[in-house]
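First comes the structure, then the notes that go with it.
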Amino acid sequence: MNPSHVIPARRCRLATAVALLLAVPVLHAQEASTLDAVQVTAQRKVENIQDVPVSITSVDAEKLELYGSGGADIRFLSARVPSLNIESSYGRAFPRFYIRGLGNTDFDLNASQPVSLVYDEVVQESPLLKGFPLFDLERVEVLRGPQGTLFGRNTPAGVVKFESVRPSREFGGYAKLGLGSDEMVNFEGAVGGALGQRWSARLSALYQRRDDWVDNTLDGAPNEGFEGYDESAVRVQFLYEGDAFEALLNLHRRDLNGTARLFRANIIQPGTNDLVPGFDREKVSLDGVNFSDLETWGANARLRWDFDGLVLHSISGYETAESLNRGDIDGGYGAVFLPDSGPGVIPFASESADGLPDHEQLTQEFRLESDNDGPFNWQAGLFWFREDITIHGFNYDSLAPGNPQAGFAVQQQENTAWAVFASGEYDATDRLKLRGGLRYTRDKKDFAAQVVEGAPFGAPVGGPYRVHTDANDVSWDASVVYAVDEDVNLYARVAKGFRAPSIQGRLLFADPGAPNGGVTTADSEEVISWEAGIKADLWDRRARLGFYLFRYTVDDQQIIAVGGGSNIATLLNADRTVGQGFELDLEAYLADQLLVTLGSSYNDTEIRDDTLAVAPCAACTVTDPLDASGRALIDGNPLPQAPEWVHNLSARYGVPLAGGELYFLTDWAYRSEVNFFLYESREFRGKSSLEGGLRIGYLWNQGDREVALFGRNITDQERIVGAIDFNNLTGFLNEPRTWGVEFRTRF
């Protein structure tokens, strides 16, 4: 059945359900609780979220505190925002973002993603920069759909935007300490205030650790246990406030030492997507070395000059990262094992590491905006970006004493881009507002790779293999907002997004006979997106609703074919991809002390390319048709890691008690099944997932003191969330149940 014929019926059912749910607050109209206005900077200026013609979700500080109670990294946002999925094959170090199904499963350290992460107005391009911990934040904004005009850098799917709490002249701060299962320790705190007549500062810090909770049953193995980590981060900000000039300076750093993603061989029952009988997530048998070391730091300066009717912004950013991540990719080759518990027979060993010894990112933006009371306002600016990276790839011989190195390759890439952009909005009437924007981008990459020491499976010693790309594009957007009344806005938007060419050079995992040593390139991709929606404050602002419909087409979508029987990584362009669906954001007081939020999304994605084929797995049941060479034809398949359904629900109930408040807070996140790879198979289709959290706390001293009990993944659900497919049924899992107690004080 054509999905386009199914969606209208589903929309009708959803609309009915929403109407019934929203009817409940009418019964409590006499209560006083109302929702505060949500201010966002989705259009690079402060606006009420209801006035922004974009499908957007804002996550406030209390929700972030709830989701991160168990020491989880940025992946805790996955499925807790409509149309958002986040996964990683590196563990805490390398998150991959997907919005409306658009993302990139590429695990190389120079992989570009169509979802941009912007931290304090500075784009974080390297995947290793995107995992900076979430602490002392004002809010997180998730913007869905192309954002190419104002943000520009690789945003055809959307933007995830973080805003740190700014310094203020009033002295204050907070401290929070959590203790939990597996010797978990989570500390977070901030302090700040005035430094003089014009200056103020804020220092924020985080420390997290957890012991290994997975035992290695192999005697004499390099690692006795896995899944522990030790992570710290710090941010210091200085704010200067003059009469017509403001400067906000930011210095930040992150250090992570722990376990890389833990691969588990043959945990999937053949012919199904079930775990094998007798599976124990707390035990593995691995003969390889496993660790993850990451250090990042950066600085930025945000300057603002106020003139008569004009505001000039300058945003300068510097980021750098250094990492080494090593894992036993085969999931247990050569290990002693017991029947029904793995790791089972594996054709050959694979142990590898990726290092980033040199990385540097520089960005500069100048933006001029009007500031007047007239019907027309505008923004215009210039943007410059440069990134230099060196990647080291290693292979090791797990079967030889000491796991000696058995392969070494080097990649280097220089990426320079610049853009000029302009955006304007016009109040055509008191109720009708028109917006539009243009951005011209020029992007150049110079890439070189060579094999210094050949690996058993990969390109021979040789190189350098060089690639140069030079692309330009004009992105644009146009929207209209109509105010039905002071509480209800309708909007429609069309936008074009762009992602520059990508280059892939994993030569230790390349076809020895491939051209240019196996280095592959994907051409630019372009996205056209249409969306329309309604944003409404209802029942005297006791409820807030956002409902959005969208459809997009991607021409020449960049995709990565990874793994297969020969474990080769190859960049490809799909002729066309089509996506369509809806998103819902709802927040309502169902009673004076009961606040409920509901998010929901449906995403139908389809690859349309009659001839595109990829290498399938060697040990799974492929359900796609095969071409004459045995490769899987993927025309008609959904995108990988693109769930059709995402739902999230939270509820907070407070009870006044003994001069304070006892509260109960729970949240639940659901995503439907996902394919792990471009081809479809029975084994590598992840089951639907439902994870819940619970927090019970007591607030006193006007909310400045708090003690709380918390639990994450409280049902201890076990799910395979990703896989390695080249020679066995290897998978990796979601986080287990965690629990603990937390103390917080504000001053």
So, do Asp397 and Gln405 sit near enough that their side-chain heavy atoms are less than 4.5 Å apart?
no
Is the closest side-chain donor-acceptor distance between Asp624 and Asn637 under 3.5 Å?
yes
Whether Phe684 and Tyr679 hold their rings parallel, tilted or perpendicular, with breakpoints at 30° and 60°:
perpendicular
Under 3.5 Å, is there a donor-acceptor pair between the side chain of Arg302 and the main chain of Leu249?
no
Flag side-chain contact, heavy atom, 4.5 Å: Leu639 against Thr577
yes
Just so I know, are the side chains of Arg254 and Leu294 near enough to count as touching, which here means a heavy-atom distance under 4.5 Å?
yes
One thing to verify: whether Lys444 and Asp446 come together as a salt bridge, which I'm taking to mean a side-chain N less than 4.0 angstrom from a carboxylate O.
no
Will you find, in the side chains of Asp477 and Thr149, an N or O donor that is under 3.5 Å from an N or O acceptor?
yes
For the pair Arg92 and Glu231, find out whether any cationic side-chain nitrogen is under 4.0 Å from an anionic carboxylate oxygen.
yes
For Arg466, I'd like to know if atom CZ has over 12 heavy atoms of other residues, nucleotides or ligands within 6.0 Å.
no
For residues Asn403 and Glu351, is any side-chain donor paired with an opposing acceptor at under 3.5 Å?
yes
Quick one: side-chain hydrogen bond (donor to acceptor under 3.5 Å, both in side chains) pairs with a partner in residues 518-529, sequence neighbours left out?
Arg499-Glu525
Can you name the ring pair (Phe, Tyr, Trp, His ring centres under 6.0 Å) partners of Phe408, sequence neighbours left out?
His392, Phe394
Using 4.0 Å as the upper bound for N to carboxylate O, is an ion pair formed by Arg386 and Glu360?
no
Name all residues meeting the ring pair (Phe, Tyr, Trp, His ring centres under 6.0 Å) criterion together with Trp384; count only those two or more places apart in sequence or in a different chain, and write none if there are none.
none
Heavy atoms only: give me the nearest Leu507-Ala449 pair and the separation to one decimal.
CD1-CB, 3.8 Å
If we only count heavy atoms from C-beta on, is the Phe385 to Glu387 side-chain gap below 4.5 Å?
yes
In this structure, is the centre-to-centre distance between the rings of Trp418 and Tyr440 below 6.0 Å?
yes
So which of Ile74, Val118, Asp120 actually passes side-chain contact (heavy atoms from CB on, under 4.5 Å) with Phe162?
Ile74
Before you tell me yes or no, could you show the steps for Gln411 and Gln450 under side-chain contact (heavy atoms from CB on, under 4.5 Å), namely the whole-Å CA-CA distance, both residues' side-chain angles and the distance that decides it to 0.1 Å?
CA-CA 7 Å; Gln411 304 176 58; Gln450 65 182 45; over 6 Å; no
Can you list the steps and then say if Ser112 with Gln558 is a side-chain contact (heavy atoms from CB on, under 4.5 Å)?
CA-CA 10 Å; Ser112 70; Gln558 298 178 22; 4.1 Å; yes
Using a distance-only test with no angle check, is there a side-chain donor-acceptor pair under 3.5 angstrom linking Asp473 and Thr441?
no
Asn104 versus Tyr98, side-chain donor and acceptor atoms under 3.5 Å
no
As a quick check of understanding, evaluate salt bridge (Lys or Arg N to Asp or Glu O under 4.0 Å) for Lys161 and Glu121, giving each step before the final call.
CA-CA 8 Å; Lys161 192 170 184 289; Glu121 298 294 332; 3.1 Å; yes
What do the steps show when you test Trp297 against Tyr318 for side-chain contact (heavy atoms from CB on, under 4.5 Å), and what is the final call?
CA-CA 8 Å; Trp297 70 272; Tyr318 174 83; 3.7 Å; yes
Heavy-atom pair with the smallest gap, counting every atom of Pro127 and Leu109:
CD-O, 3.8 Å
Could you tell me whether the side chains of Gln379 and Arg44 share a donor-acceptor contact shorter than 3.5 Å?
no
Hey, are the side chains of Phe132 and His252 touching, using non-hydrogen atoms and a 4.5 Å cut-off?
yes
Report yes if some heavy atom in the side chain of Leu84 is under 4.5 Å from a heavy atom in the side chain of Leu77; otherwise report no.
yes
Taking atom types as modelled, find out whether Gln364 and Ser314 have a side-chain donor-acceptor pair closer than 3.5 angstrom.
yes
Under the salt bridge (charged side-chain N to carboxylate O under 4.0 Å, His left out) rule, what pairs show up with a residue in residues 100-111, not counting sequence neighbours?
Arg100-Glu531, Arg100-Glu583, Asp108-Arg506
Distance-only donor-acceptor check, side chains Asp470 and His468, under 3.5 Å
no
For a quick check under 3.5 Å, do Ser352 and Arg326 share a side-chain donor-acceptor pair by atom type?
no
Is it true that the side chains of Asp555 and Thr553 contain a donor and an acceptor less than 3.5 Å apart?
no
Worked verdict on Ile503 versus Lys445 for side-chain contact (heavy atoms from CB on, under 4.5 Å)
CA-CA 9 Å; Ile503 307 169; Lys445 290 186 176 75; 4.1 Å; yes
Determine, using ring centers only, whether Tyr90 and Phe107 are less than 6.0 Å apart.
no
Indicate yes or no: does Asp443 engage Arg153 in a salt bridge with an N to O separation below 4.0 Å.
yes
Those residues at least two apart in sequence (or on a different chain) that pass ring pair (Phe, Tyr, Trp, His ring centres under 6.0 Å) with Phe291 are none
Looking only at the side chains, is there a donor atom on one of Asp293 and Asn257 sitting less than 3.5 Å from an acceptor on the other?
yes
Side chains of Gln147 and Pro156, heavy atoms from C-beta outward: is any pair under 4.5 Å?
no
Consider only side-chain N and O atoms of Ser78 and Asn85, and report whether a donor and an acceptor are under 3.5 Å apart.
yes
Please list, chain by chain and in numerical order, all residues satisfying ring pair (Phe, Tyr, Trp, His ring centres under 6.0 Å) with Phe366, sequence neighbours excluded.
none
Cut-off 3.5 Å, side chains only: do Asp627 and Ser629 have a donor facing an acceptor?
yes
